[in-house]
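Here is the structure we will look at, set down as structure tokens.
Every chain is numbered from 1 and lettered A, B, ... according to where its sequence line falls, protein lines coming before strand lines.
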Amino acid sequence: MESDPNPHDPWPTGGGEEVKKGLVVLLVGAPGSGKSTFCNDVMAAARRSWVRVCQDTIANGKQGTKLQCLMSAATALKDGKSVFIDRCNLEQEQRADFVKLGEAQADVHAVVLDLPARLCISRSVKRTGHEGKLQGGKAAAVVNRMLQKKELPKLSEGFSRITFCHSENDVKDAVKTYSNLGPSGNLSAGVFGQKNKDDKVQLGIMRFLKKVDKQDQDASGNDITSYRNLTQAIVPSQDSIGNTFSAELENKNEEHGSLNDENSSERSFVGGSSCDGIHTLAFPSISTSDFQFDLEKASDIIVDSVSDFLKKFDSVRLVLVDLSDKSKILALVRKKAAEKNIESSKFFTFVGDITQLYTKGNFRCNVIANATNWRLKPGGGGVNAAIYRAAGDSLEIATKEQAETLSPGNSVVVPLPSSSPFHLREGVTHVIHVLGPNMNPQRPNYLKNDYVEGCKILRDAYSSLFENFASIFNCQMRYESKRSSSGISNLQNPLKGTTGTCFSHSDQKIKREGWYDSERNKKCKGFPFNAAAKEKISIPHGGHGYAHPETHSDLLNWDGNLSSSNPGREVKETNCAKVTERTWNAWAQALHEIALNPEKHKDVVMELSDDFIVLNDLYPKAIKHVLVLSRLHGLDCLADVRKEHLPLLKRMHSVGLKWAEMFLREDSSLIFRLGYHSVPSMRQLHLHVISQDFDSAHLKNKKHWNSFNTSFFRDSADAIKEIEKHGVAKVIEDESLLKMELRCHRCRSAHPNIPRLKSHIANCKAPLPTHLLHDGLLVSAASKSVG
DNA sequence: GTTCTAGAAC
DNA sequence: GTTCTAGAAC
């Protein structure tokens, strides 16, 4: 849906004026990859005026020069036409001059026709009358030689959008996307459809890596080195808790993107979310830990610096992070930020590990700050050590490229390579090292309690940090501003009149989940409830098997109090946690009935013991999909499970494993995942053992898909660990998860509807996410043979 | 959980 | 016209 005639254009141009912008699309592909066909197909159905610049015919039908192509393209752009550059463009150097065409107010895209070499060769060999006269047997040698030199395009070359096509279907989709592009429409920026760079990494290798890496785990159990060897681009995505600000706002922006880009069925954002996301800087409190800076003074400076910065920038968020919810600096800053009326959507505090904001906190930040030392070296204590440990060698190497040392009050931006574990795992694209004043006599540059100088340096440090953050942001805005002439990432941009339906939250919601201690335990300890929280979310439950609609969804407000969105509701108390009483609808009782009276259901029971029953899911969502059903009365869902149920849970897990392994003996190509739905539709605790093909006619809607492919699905092994550690398992009682856009569970590409998703997953060969492999959450033939 | 179906999307 | 979603009913 291009924007020109649309009165609801989400990215309206400034002052109501339509700013015409050119578009240059470089085709990238070997001879025989279908570049000319692509151009012709688009031009045949196009809604805008295109010129195809083909080096093979540019000289009066004969092969011409690159210069001729450049001149022809420039002329076409001047005439307001859009241009296809139809030449191989396989190497960066060959593309560079064409990318520069974008300097004259044009977007530059790449469409990569990365089809199998064999196909290109056979087409080249077969073709007669090809414009490039590359026919016959010679073609094979030429194609092979060219492909050896192939350098896939990157955004950093200056492209605002890159579309990778690996199959005929991909090409069709891309043709459709460009055909539908109206005269002044635009497509969202980013990388689409990129395959994992290293598809050769197979399960066996992953297992091997895992084995090796056990020696290299940090204290929190984070695996460090395995990621060094993987280049798979995992972009933390919308399968996180949907209610952190970051996830939510990024979702919104993707929704925006989709309005301009209705046909981008392949939407695997590679390289972080910065193109479409809200730029978020997570930073620790500088100097207050190891450098022993006074907390009162530091908190004043933080709040002042944040306030100043936010006055200047709109589409950014700053998040102060500390490990403990008892953190004094967080409490001080929260209080002062509230007093100063700093908008809590733009600045807030977060309790968690800054190195695992996404994986452990489900909170996405694309930039994090590191309180470094003057040598910019790993080690020391606190945040610096943790960040270097988590980021692996790549951070050290990347840092060295930027600076050797740093003086107090300064900061330095370090872009993380896309292969960096931090980038892959956490979605962090940049680390900014910042050095604050030191009040610790044991550390270098000791200020001897000179707080006049100290405060000055700390202010400098924060302003340097924030300005550097903004400079990254500005540089990435280059792409964004290309997408529309009016600064598209404005958060205030309303969604009025849009038709996207994936995300229906309001902008001002926040929910902190994922840290047990800050929530469930506090409830036990009788923390005060504050119904007048500044921001809160209530998540009504409808459509599930129980009739009572609400469950707890609490959050911390600025005052650090717990607020409840469910005042006056009856709860029953089990041990420490309060559990909502639920009334289950008749249809949701089927499993409960089977669990209690298995003798009446011999037709479905496949295995029976005193504790559990194994049965096929009546409506399997994959080739193999069985349920391990607990028989314990009163245990209806994962949220009800407590420590005393651990033996049962472990037993159910091992029974699930046994069945998965049995299925694997029949079909070794299957891969299984074991887990629970956060909010099950059917009463009676049941473990899903489901093969990851999702090849089933019963998988019919978004809810089906997302219930197995977002954090709504809680892996059995994780649940067990969490119960062991915290007494309860995390359940994500957030219905919006089930309404999230449809993303392939392998390559993370987004798809407009279930049929399209299903046809994609039937062919997607990308490996399953590394975190699943890595944490042993998948059961496959490979995992069995190694383990 | 499924089925049915109106109406939106294509 | 067909396809697809989402809400209601069960």
Side-chain angles (χ1 to χ4, degrees), chain A residues 1-3 5-6 8 10 45 47 169 172-173 175-182 185 255 258-265 495 497-505 539-549 582-595 601 604 613 615-622 625-630 636-638 675-690 694 696-709 712-713 733 735-743 750-761:
Chain A
M1 197 183 299
E2 39 74 25
S3 57
N6 184 356
H8 306 305
R47 296 174 53 205
N169 275 343
K172 266 187 214 159
D173 285 344
V175 166
K176 213 167 148 192
T177 301
Y178 280 94
S179 307
N180 284 345
L181 194 55
E255 191 177 342
S258 71
L259 293 164
N260 284 344
D261 185 11
E262 62 178 335
N263 289 308
S264 64
S265 58
L495 277 167
T498 63
T499 50
T501 53
C502 276
F503 304 98
S504 54
H505 319 272
I539 302 160
H541 281 265
H544 287 292
Y546 50 91
H548 208 307
R582 294 172 181 174
T583 315
W584 298 81
N585 285 322
W587 56 259
Q589 307 268 11
L591 292 176
H592 181 66
E593 158 62 23
I594 294 171
H601 302 275
V604 296
I613 289 166
L615 67 162
N616 271 319
D617 193 299
L618 183 59
Y619 299 97
K621 305 297 185 295
H625 182 183
V626 300
L627 304 176
V628 182
L629 178 64
S630 150
D636 288 337
C637 57
L638 188 57
Y676 299 87
H677 283 155
S678 277
V679 184
S681 295
M682 306 288 277
R683 180 183 183 187
Q684 197 71 20
L685 182 71
H686 54 281
L687 170 69
H688 291 268
V689 179
I690 183 164
F694 297 106
S696 163
H698 295 292
L699 200 159
K700 291 176 177 169
N701 59 44
K702 208 169 225 189
K703 186 175 172 181
H704 291 155
W705 178 258
N706 283 331
S707 71
F708 289 103
N709 290 290
F712 189 86
F713 189 79
E733 295 167 330
E735 285 228 318
S736 65
L737 281 173
L738 299 174
K739 292 177 179 162
M740 293 214 303
E741 62 183 348
L742 298 164
R743 278 184 184 270
H751 299 268
N753 54 48
I754 286 287
R756 295 270 288 272
L757 172 75
K758 288 177 85 170
S759 69
H760 168 84
I761 58 170

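- With rounding to whole Å, His751(A) atom NE2 is found 18 Å from dT5(C) atom C1'.
- If you take NZ of Lys700(A) and C1' of dG1(B), they are 11 Å apart, rounded to a whole angstrom.
- For the pair Asp617(A)/Leu627(A), a side-chain contact is recorded, criterion being any heavy-atom separation below 4.5 Å from C-beta on.
- Note: CG (Leu742(A)) to C1' (dA9(B)) measures 15 Å, nearest angstrom.
- Regarding contacts with the backbone of dC10(B), every side-chain N or O of Lys176(A) stays at 4.0 angstrom or more from both OP1 and OP2.
- For the pair Tyr619(A) and dG1(B), the ring geometry does not qualify as stacking, because the centroid separation below 5.5 Å and plane angle under 30° are not jointly satisfied.
- Of the possible donor and acceptor atoms, one in the side chain of Asn753(A) sits under 3.5 Å from a partner among the backbone N and O of Arg756(A).
- Lys758(A) has its NZ atom 10 Å from the P atom of dT5(C), to the nearest Å.
- Contact annotation for Leu618(A): no contact, since no heavy-atom pair falls under 4.0 Å across all strands.
- Not counting sequence neighbours, the partners of His592(A) by the ring pair (Phe, Tyr, Trp, His ring centres under 6.0 Å) test are His633(A).
- One interatomic measurement links the two molecules: NZ of Lys739(A) to C1' of dA6(C), which rounds to 9 Å at whole-angstrom precision.
- Residues forming a side-chain hydrogen bond (donor to acceptor under 3.5 Å, both in side chains) with Ser707(A) (at least two apart in sequence, or on another chain): His677(A).
- Comparing dT5(C), dT2(B), dC10(C) by their closest approach to the side chain of Pro755(A) singles out dT5(C).
- When heavy atoms are screened at a 4.0 angstrom cut-off, His686(A) is found touching no nucleic acid atom at all.
- His677(A) has a side-chain polar atom (N or O) that falls below the 4.0 Å cut-off from OP1 or OP2 of dG1(B).
- Rounded to an integer number of Å, the gap from Arg756(A) CZ to dT5(C) C1' is 15 Å.
- Spacing between atom CG of Leu738(A) and atom C1' of dT5(C) amounts to 15 Å, rounded to whole angstrom units.
- We find that NZ of Lys703(A) is positioned 11 Å from C1' of dT2(B), with the value rounded to whole Å.
- Considering only the side chain of Asn753(A), dC4(C) comes nearest among dA6(C), dC10(C), dC4(C).
- Ring geometry for Phe708(A) against His688(A) counts as perpendicular: the plane angle is over 60°, on a 0 to 90° scale with 30° as the lower cut.
- Regarding contacts with the backbone of dG1(B), every side-chain N or O of His704(A) stays at 4.0 angstrom or more from both OP1 and OP2.
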